[in-house]
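Each ligand, and each atom within it, is numbered from 1 in the order the structure gives. In what follows, every heavy atom counts, from backbone to side chain, and hydrogens, waters and symmetry copies are set aside. Along the sequence shown, residues are numbered consecutively beginning with 1.
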Amino acid sequence: MEKLIITAALTGAEVTREQQPALPITPEEIGAAAQACAAAGASIVHVHARNPDGSPTQDKSVYAQIIAAVRTRCDVIVQVSTGGAVGMTPQERLAPVTLLPEMATLSMGSVNFGGDVFLNHPADMEVFARTMREHGVKPEIEVFDSGMLTTANRWLKSGLLTGPLHFDFVLGIPGGMAGTPEALMYLRSQLPVGSTWTVAGMGAAQLPLATLAIVLGGHVRVGFEDNVYYRKGELASSNAQLVSRIARISAELDRPVASAAEARKLLGIR
Ligand code: KMH
Ligand code: ZN
């Protein structure tokens with residue numbers, strides 16, 4: 001089995017300091033969190049930008065500061081969000097891709113998102129996919145429900161996406177696919193041949209799905225974007241604490257974690 005790629009989703013767009021006092025918000029805080037996560041075994045950081053007041057932004061200059069803050073501290077793959085926050089325009093969301101990050105997320109369809117709708121019109125997503133290809137940015141295909149994987153398979157056949165693809169199964173969003181082993185097993189069964197995949201379980205689904213992915217040969221995403229708890233009723237002290245636990249479990253299961261250089265090779269990133 002290939003080494004385990006751990007992605008740390010450090011901040012997200014929705015979590016607040018009230019919910020998680022250790023949430024990194026400024027570029028410097030995000031850089032420091034990335035460094036701690038890299039030391040704990042993460043090889044990718046999935047980043048969202050925030051304004052100083054904590055509200056989400058897709059401002060390219062803030063992303064540039066985040067990328068610089070990470071780069072000066074550690075060698076980890078920086079994956080920018082093009083999901084941003086619900087309600088942002090596609091143009092706003094796509095802005096950080098022009099900074100030429102190594103990776104960016106590519107949501108493969110629309111989904112109810114708690115009380116909101118995370119809208120991903122196919123025509124906009126086609127533009128996202130083309131822009132990433134033109135800029136040489138590796139997409140991580142975000143799958144919130146099974147139809148999105150069907151779409152990815154279709155786009156692969158039509159040439160809009162070029163394989164091998166890397167997927168993130170985002171499971172347990174209220175409105176999306178459930179955070180259950182059955183859901184993960186089904187999605188895995190529908191993957192295009194040669195794909196790599198990771199799983200981001202929301203809340204209490206994070207640890208069991210991560211453990212299952214380690215056993216199945218997938219990869220793992222953890223972090224405050226998806227889950228602020230270490231265990232029921234106990235907040236995590238840092239993103240790195242969540243990464244360390246996955247690295248420990250993986251080591252026990254004889255699956256060492258990948259360095260950033262190894263992750264680049266596994267994902268075909270130049
Ligand atoms: N904040 C969510 C609405 C991504 O980063 O690509 C979308 C999201 C996905 O977080
Ligand atoms: Zn995100």
Side-chain angles (χ1 to χ4, degrees), residues 6-16 19-20 23-25 30 33-34 37 42 44-51 54-60 62-63 66-67 70 76-97 99 101-121 124-125 127-129 131-132 137-145 148-149 151-152 161 165-177 179 197-203 206 219-228 239 242:
I6 303 177
T7 299
L10 301 173
T11 304
E14 292 84 21
V15 177
T16 65
Q19 294 166 321
Q20 174 42 270
L23 184 75
I25 286 179
I30 292 173
C37 287
I44 301 178
V45 287
H46 168 73
V47 296
H48 283 250
R50 301 284 187 104
N51 292 309
S55 59
T57 177
Q58 287 295 99
D59 188 323
K60 198 171 146 178
V62 184
Y63 273 97
I66 292 171
I67 292 169
V70 176
V76 72
I77 298 168
V78 179
Q79 179 192 87
V80 300
S81 169
T82 68
V86 166
M88 289 176 169
T89 66
Q91 292 74 21
E92 272 180 284
R93 286 169 49 185
L94 195 51
V97 170
L99 294 167
E102 288 184 278
M103 292 184 87
T105 52
L106 175 59
S107 293
M108 214 16 82
S110 302
V111 64
N112 287 350
F113 200 86
D116 292 312
V117 180
F118 181 38
L119 200 60
N120 291 291
H121 192 287
D124 295 326
M125 293 309 107
V127 173
F128 279 38
T131 306
M132 287 182 205
V137 175
K138 171 93 180 177
E140 178 181 87
I141 313 285
E142 306 299 302
V143 168
F144 297 83
D145 215 333
M148 300 185 196
L149 185 47
T151 303
L161 292 171
L165 297 179
H166 178 64
F167 290 89
D168 178 21
F169 300 138
V170 187
L171 300 182
I173 297 270
M177 211 159 169
W197 61 276
T198 190
V199 67
M202 298 302 112
Q206 187 165 86
H219 302 282
V220 169
R221 170 170 131 172
V222 291
F224 289 166
E225 175 165 348
D226 307 329
N227 168 43
V228 295
N239 279 292
L242 296 169

Result of checking Ile6, Thr7, Val78 against Ile44 for side-chain contact (heavy atoms from CB on, under 4.5 Å) = Thr7
Over all heavy atoms of both residues, which pair between Gln20 and Val228 is shortest? Give the atoms and the distance, please.
-> NE2-O, 3.1 Å
List the atom of Lys138, the atom of His166, and the distance in Å for their closest heavy-atom pair.
-> CE-CB, 3.9 Å
How far is atom 6 (O) of ligand 1 from its nearest protein heavy atom, and which residue and atom name does that atom have?
-> Thr105 OG1, 2.6 Å
The Zn ion (ligand 2) - name of the N/O/S atom of Glu225 that sits closest to it | OE2
With the Zn ion (ligand 2) as the point of reference, which N/O/S atom of His46 is the closest?
-> NE2
Considering all heavy atoms, the nearest Thr16-Leu23 contact | C-CD2, 4.0 Å
Heavy-atom proximity to atom 3 (C) of ligand 1 ranks first, among Glu225, Glu14, Glu140, for Glu14
Report yes or no: does a heavy atom of Gly84 sit under 4.0 Å from some atom of ligand 1?
-> yes
Closest protein heavy atom to atom 7 (C) of ligand 1, given as residue, atom name and distance to 0.1 Å = Phe118 CZ, 3.6 Å
Parallel, tilted or perpendicular: rings of His46 and His48 (30°, 60°) | perpendicular
Hey, is ligand 1 close enough to Phe144 that some N/O pair sits below 3.5 Å?
-> no
Sub-4.0 Å atoms of ligand 1 with respect to non-hydrogen atoms of Gly83 | 4 (C), 6 (O), 9 (C)
Does any N or O in the side chain of Arg221 come within less than 3.5 Å of the main-chain N or O of Gln206, such that one atom is a donor and the other an acceptor?
-> no
Which residue holds the protein heavy atom closest to atom 5 (O) of ligand 1, what is that atom called, and what is the gap in Å?
-> Ser81 OG, 2.7 Å
Of the listed options (Arg93, His46, His48), which comes nearest to atom 8 (C) of ligand 1 when hydrogens are ignored and any heavy atom counts?
-> His48
Non-hydrogen atoms of Gly175 and Val111 that approach each other most closely = O-CG2, 3.6 Å
